[in-house]
Asks: 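After the structure tokens below, expect a handful of questions from me.
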Protein chains: 4
Amino acid sequence: MARPQSAPDPSRRSAQSRTAILTAALELVADVGFGKLTIEKIAARAGVGKQTIYRWWPSKGAVVFDAFLAANENATGSLALPDTGDLGEDLRTLLRATALELADPAFNRTGRALAAEVLTDPELLREYRERLLDPLLEVTRDRLRAAREAGQLRADADLDLAVELLYGPLYYRWLHGLGPLDDRYADQVTQACLRALGSTGG
Amino acid sequence: MARPQSAPDPSRRSAQSRTAILTAALELVADVGFGKLTIEKIAARAGVGKQTIYRWWPSKGAVVFDAFLAANENATGSLALPDTGDLGEDLRTLLRATALELADPAFNRTGRALAAEVLTDPELLREYRERLLDPLLEVTRDRLRAAREAGQLRADADLDLAVELLYGPLYYRWLHGLGPLDDRYADQVTQACLRALGSTGG
Amino acid sequence: MARPQSAPDPSRRSAQSRTAILTAALELVADVGFGKLTIEKIAARAGVGKQTIYRWWPSKGAVVFDAFLAANENATGSLALPDTGDLGEDLRTLLRATALELADPAFNRTGRALAAEVLTDPELLREYRERLLDPLLEVTRDRLRAAREAGQLRADADLDLAVELLYGPLYYRWLHGLGPLDDRYADQVTQACLRALGSTGG
Amino acid sequence: MARPQSAPDPSRRSAQSRTAILTAALELVADVGFGKLTIEKIAARAGVGKQTIYRWWPSKGAVVFDAFLAANENATGSLALPDTGDLGEDLRTLLRATALELADPAFNRTGRALAAEVLTDPELLREYRERLLDPLLEVTRDRLRAAREAGQLRADADLDLAVELLYGPLYYRWLHGLGPLDDRYADQVTQACLRALGSTGG
DNA sequence: CGATAAGCGAGACGGTACGTCAAGTCTTGTA
DNA sequence: TACAAGACTTGACGTACCGTCTCGCTTATCG
């Protein structure tokens with residue numbers, strides 16, 4: 001799976017260089033955008049030889065992606081959805097938070113760049129799903145499953161469909177710039193999903 | 001906005017060169033992918049000087065995008081949704097067709113490349129919306145509006161939300177590779193939307 | 001002989017760039033020496049893209065060599081040996097001039113660098129011989145031939161040997177730093193050659 | 001002159017590593033030539049850490065040069081010119097042997113590479129003269145001196161000039177590839193030198 | 001006789017230059 | 001004046017080595 005020939009020895013890896021590279025990558029993505037980002041600039045800003053980047057990452061996208069993950073992973077370590085017992089309220093909270101993040105202009109540039117990369121590179125997509133998306137969807141499904149077992153959702157509700165119904169519209173609106181991503185919109189989507197999935201029609 | 005000096009005269013534009021360029025661009029995107037596509041390769045394959053490309057398009061993305069649109073526009077010229085009177089059946093037809101297109105492997109590479117470009121370049125996004133997305137959403141809203149007026153949807157149904165509820169999940173699943181895009185899935189989404197929007201709960 | 005594929009068109013070559021490159025190369029050889037000379041530095045000093053160098057020269061050595069030749073060729077265009085009728089005096093003049101040049105410290109660094117390149121690269125050696133050395137040896141042989149016909153040299157004197165006998169010792173002493181290259185030494189070599197080749201023993 | 005801090009202790013030096021390095025260096029010079037030779041390749045082929053090379057030699061040239069000397073020194077330990085009493089015959093023997101070595105194709109690449117290095121690096125030139133050239137010239141002068149004292153050479157013959165007269169032409173012809181280096185040529189040079197230096201004109 | 005310090009193999013590191021590719025601009029000659 | 005052709009400057013690419021710097025691991029004195 002990994003290329004067998006002359007793989008570098010991770011135990012000798014310089015933690016300092018790694019951190020400097022990831023930091024520089026994040027800063028530069030914010031500064032100049034992903035498209036105008038270059039490995040040379042990352043190396044220069046990190047005070048690092050280019051080879052040190054090429055030794056540990058296969059592509060520019062992988063570096064930025066890793067930087068993004070490293071910055072977000074601990075935060076999402078505490079990835080846990082609220083469970084107040086009131087499904088409607090919990091979903092509203094979740095979608096409001098999601099909308100808020102997508103609406104953040106600071107997130108916009110980096111997020112879009114990342115999305116574009118992930119879309120295009122199957123390998124990055126795999127890693128993105130493993131490390132970020134799948135866990136998120138899983139906890140979401142967990143919350144819905146609990147609701148289903150509590151009779152708050154139809155017994156036959158398909159949870160895979162459900163999470164796409166929740167996140168898909170927000171994502172669609174965000175990517176295409178179709179309208180505001182505010183609390184009102186989050187609430188609308190929440191309500192629509194509850195109607196679609198709810199046992200009594202929400 | 002456009003540089004005033006020495007704008008080229010469109011009336012003198014060589015239709016033959018334009019066609020050759022767009023054709024070459026499409027072929028190359030399919031061959032080598034968008035990332036490895038270069039203006040020089042397009043010019044070479046089209047048998048055209050580089051300057052002829054730079055004269056008429058601002059960027060690689062614009063050329064490919066234009067090629068894509070030129071190839072799809074006549075097809076979507078007949079962009080019209082069926083109206084059998086049965087909203088459920090009509091939406092099912094629409095989403096099945098959409099899912100089918102997204103699932104087509106031939107569409108995958110080009111589509112993802114285009115999506116990545118459009119996501120990332122605001123100018124391209126604007127053009128994409130004007131020429132493809134907005135018209136599509138508009139005819140979709142038209143059909144839904146008719147249904148609402150026929151009392152098949154809630155009187156307060158928000159049509160902007162509605163189209164995102166329809167297309168968002170498919171798009172989300174497609175981009176992230178979350179599962180099959182088949183008729184069954186299209187039908188599930190259709191049903192969920194009808195429940196969410198329908199006057200009687202679909 | 002030359003690679004057939006996509007050779008650049010010499011008629012489009014920029015004379016200005018060529019001159020700037022050759023000048024920069026000469027200056028840099030004098031500044032930093034041949035070993036520490038780089039194509040990038042030449043390009044930078046000449047205000048020229050690297051590709052323009054790679055387009056027209058195959059190697060660093062070829063550039064410097066060309067620069068050296070371009071600087072020396074017109075000078076040696078008037079390459080003509082004196083013929084006063086007195087062979088001894090003429091050879092003395094020739095060898096004194098040769099010794100003087102070799103002894104010049106300014107010539108030392110460039111000359112040695114060039115010699116090292118020429119020694120090592122058969123292609124450069126060929127060009128060096130064609131453009132500089134062979135013409136020099138030829139005019140020298142011409143002068144000796146005239147002397148031989150005038151009965152000042154043995155009838156069976158081998159002119160190829162003769163020129164090596166003249167120039168070889170100076171070159172040997174110069175390369176190895178064996179002693180001063182002054183008029184006295186030039187005269188000694190001259191006298192020795194006359195004894196070796198002269199009809200009456202000089 | 002040498003940095004005082006932490007000079008390596010020669011008594012602890014690994015003879016095995018030294019040998020492996022010198023052997024690898026010689027092989028690689030023959031394989032790829034001096035120009036394409038690198039310290040890393042030497043280290044790799046010798047199965048040695050780079051530092052072990054840097055610890056004991058200041059430069060690539062020094063390693064190769066040392067390898068060359070180590071290979072040739074014992075051979076030339078028995079550096080002694082024949083003295084049969086017949087100067088002509090002895091010189092003929094000497095120059096024939098010299099020409100033979102220069103003409104050896106195996107010697108050509110290494111010899112030229114070494115010459116180029118020695119020419120260019122004053123430090124290497126110094127060492128080359130001390131360890132190889134000067135001893136050779138000295139024994140040559142010794143033989144000539146004996147001849148001079150035996151009245152076979154002019155009483156005022158300059159021995160420094162004499163050795164350059166002997167070796168210079170061969171070297172000149174070799175470096176510039178001016179003609180064959182065979183017995184006939186060696187004999188011609190010998191005869192010319194005897195005429196130039198001999199008491200009676202040889 | 002066991003610690004301790006040196007040479008050693010390995011190889012990661014910050015750098016420099018390589019030779020290539022493509023970007024976007026400019027020039028030349030053709031239709 | 002649009003065009004094909006392609007040379008030009010610029011700048012990034014990914015690679016090869018440079019010379020320095022740890023790492024553990026022998027190995028060979030010295031306390």
Side-chain angles (χ1 to χ4, degrees), chain A residues 6-14 16-18 20 36-44 46-56 58-60, chain B residues 6 8-14 16-17 20 36-44 46-56 58-60, chain C residues 6 8-14 16-18 36-44 46-56 58-60, chain D residues 6 8-18 20 36-44 46-56 58-60:
Chain A
S6 77
D9 177 354
S11 76
R12 291 195 178 279
R13 183 167 188 181
S14 159
Q16 186 179 320
S17 292
R18 179 173 179 276
K36 302 207 166 180
L37 181 60
T38 66
I39 297 272
E40 297 211 325
K41 277 183 198 135
I42 298 176
V48 140
K50 278 201 289 178
Q51 201 58 47
T52 301
I53 299 184
Y54 284 111
R55 188 157 25 235
W56 302 109
S59 70
K60 180 179 72 163
Chain B
S6 77
D9 177 354
S11 74
R12 285 183 174 271
R13 182 169 189 179
S14 157
Q16 184 179 322
S17 291
K36 301 206 165 178
L37 182 61
T38 67
I39 297 272
E40 299 211 324
K41 277 183 197 134
I42 298 175
V48 140
K50 283 200 290 175
Q51 199 59 251
T52 301
I53 299 182
Y54 284 110
R55 191 159 19 236
W56 301 110
S59 71
K60 180 178 73 164
Chain C
S6 77
D9 178 353
S11 76
R12 289 192 179 279
R13 182 168 189 180
S14 158
Q16 184 178 322
S17 292
R18 181 174 179 275
K36 302 208 165 179
L37 182 60
T38 66
I39 298 270
E40 299 212 325
K41 276 183 197 134
I42 297 176
V48 139
K50 278 200 291 178
Q51 200 60 46
T52 301
I53 299 184
Y54 284 110
R55 186 158 25 236
W56 303 109
S59 70
K60 180 178 73 164
Chain D
S6 76
D9 177 354
S11 75
R12 283 182 177 271
R13 182 169 189 179
S14 159
Q16 184 179 322
S17 291
R18 180 174 180 276
K36 302 207 165 179
L37 182 60
T38 66
I39 297 272
E40 298 212 327
K41 277 183 197 134
I42 298 176
V48 140
K50 283 199 289 176
Q51 200 60 254
T52 302
I53 299 183
Y54 284 110
R55 188 157 26 233
W56 303 110
S59 70
K60 179 179 74 164

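All values reported here derive from a predicted model rather than from experimental measurement. Chain naming here is simple, since letters A, B, ... match the order of the sequence lines and numbering starts at 1 in each.
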Asks: Separation of Lys41(A) atom NZ from dC13(F) atom P, in whole Å?
Replies: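 For the pair Lys41(A) NZ and dC13(F) P, the rounded distance is 8 Å.
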
Asks: Considering residues at least two apart in sequence or located in another chain, which fulfil the side chain to side chain donor-acceptor pair (under 3.5 Å) criterion with Ser17(A)?
Replies: Ser14(A)

Asks: OP1 or OP2 of dA7(F) less than 4.0 angstrom from a side-chain nitrogen or oxygen of Thr52(C), does that happen here?
Replies: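 Indeed not, no polar side-chain atom of Thr52(C) lies that close.
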
Asks: I want to confirm an ordering. Mapping Leu37(B) and Lys36(C) to their closest nucleotides on DNA chain E, which one lands closer to the 5' end?
Replies: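 Looking at DNA chain E, the more 5' nearest nucleotide goes with Lys36(C).
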
Asks: Residues in side chain to side chain donor-acceptor pair (under 3.5 Å) with Gln16(D), at least two apart?
Replies: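 Gln16(D) satisfies side chain to side chain donor-acceptor pair (under 3.5 Å) with no other residue.
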
Asks: Over all heavy atoms of both residues, which pair between Ala43(A) and Gly49(A) is shortest? Give the atoms and the distance, please.
Replies: CB-C, 4.3 Å

Asks: Please report, rounded to the nearest Å, how far the C1' atom of dG14(E) is from the CD1 atom of Ile42(A).
Replies: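 About 16 Å, once rounded to whole Å.
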
Asks: My understanding is that only residues two or more places apart in sequence, or in another chain, count here; which of them pass salt bridge (charged side-chain N to carboxylate O under 4.0 Å, His left out) with Lys50(B)?
Replies: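 Expected list: Glu40(B).
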
Asks: Measure from CD on Gln16(C) to P on dC26(E) and round the result to the nearest Å.
Replies: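 Rounded to whole Å, this separation is 15 Å.
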
Asks: Sequence neighbours excluded, which residues qualify as side chain to side chain donor-acceptor pair (under 3.5 Å) partners of Gln51(C)?
Replies: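 Result, side chain to side chain donor-acceptor pair (under 3.5 Å) vs Gln51(C): none returned.
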
Asks: When you measure from the side-chain N and O atoms of Arg55(D) to the phosphate of dC8(E), is any distance below 4.0 Å, counting only OP1 and OP2?
Replies: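 Checking dC8(E) against Arg55(D), a side-chain N or O does come within under 4.0 Å of OP1 or OP2.
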
Asks: For Asp9(B) and for Ala43(B), find the nucleotide of DNA chain F with the closest heavy atom, then tell me which residue's nucleotide is more 5'.
Replies: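 Between the two, 5'-proximity favours Asp9(B).
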
Asks: What's the closest nucleotide to the side chain of Ser17(B) if the choices are dG7(E), dA4(F), dA2(F)?
Replies: dA4(F)

Asks: Taking only N/O atoms, report every protein-nucleotides 19-23 of chain F pair under 3.5 Å with atom names and distance.
Replies:
from: dG19(F); atom 1: OP2; to: Tyr54(D); atom 2: OH; distance (Å): 2.8
from: dG19(F); atom 1: N7; to: Lys50(D); atom 2: NZ; distance (Å): 3.2
from: dG19(F); atom 1: O6; to: Lys50(D); atom 2: NZ; distance (Å): 2.6
from: dC21(F); atom 1: N4; to: Gln51(D); atom 2: NE2; distance (Å): 2.2
from: dC23(F); atom 1: O2; to: Arg12(A); atom 2: NH2; distance (Å): 3.2

Asks: Relative to Trp56(A), does Arg13(A) satisfy both conditions: NZ or CZ under 6.0 angstrom from the six-membered ring centre, and within 45 degrees of the ring's axis?
Replies: yes

Asks: In whole angstrom, what separates Ile53(B)'s CD1 from dT25(E)'s C1'?
Replies: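 Spelled out: CD1 on Ile53(B) to C1' on dT25(E) is 15 Å.
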
Asks: Listed by chain and number, what are the side-chain contact (heavy atoms from CB on, under 4.5 Å) partners of Ile39(B), not counting sequence neighbours?
Replies: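 Expected list: Ile53(B), Tyr54(B), Lys60(B).
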
Asks: Could you please name the option among dA6(E), dG14(E), dC18(F) that lies closest to any side-chain atom of Thr38(D)?
Replies: dC18(F)

Asks: Within the structure shown, what part of the strands sits under 4.0 Å from Ser14(A) by heavy-atom distance: base, sugar-phosphate, or nothing?
Replies: sugar-phosphate

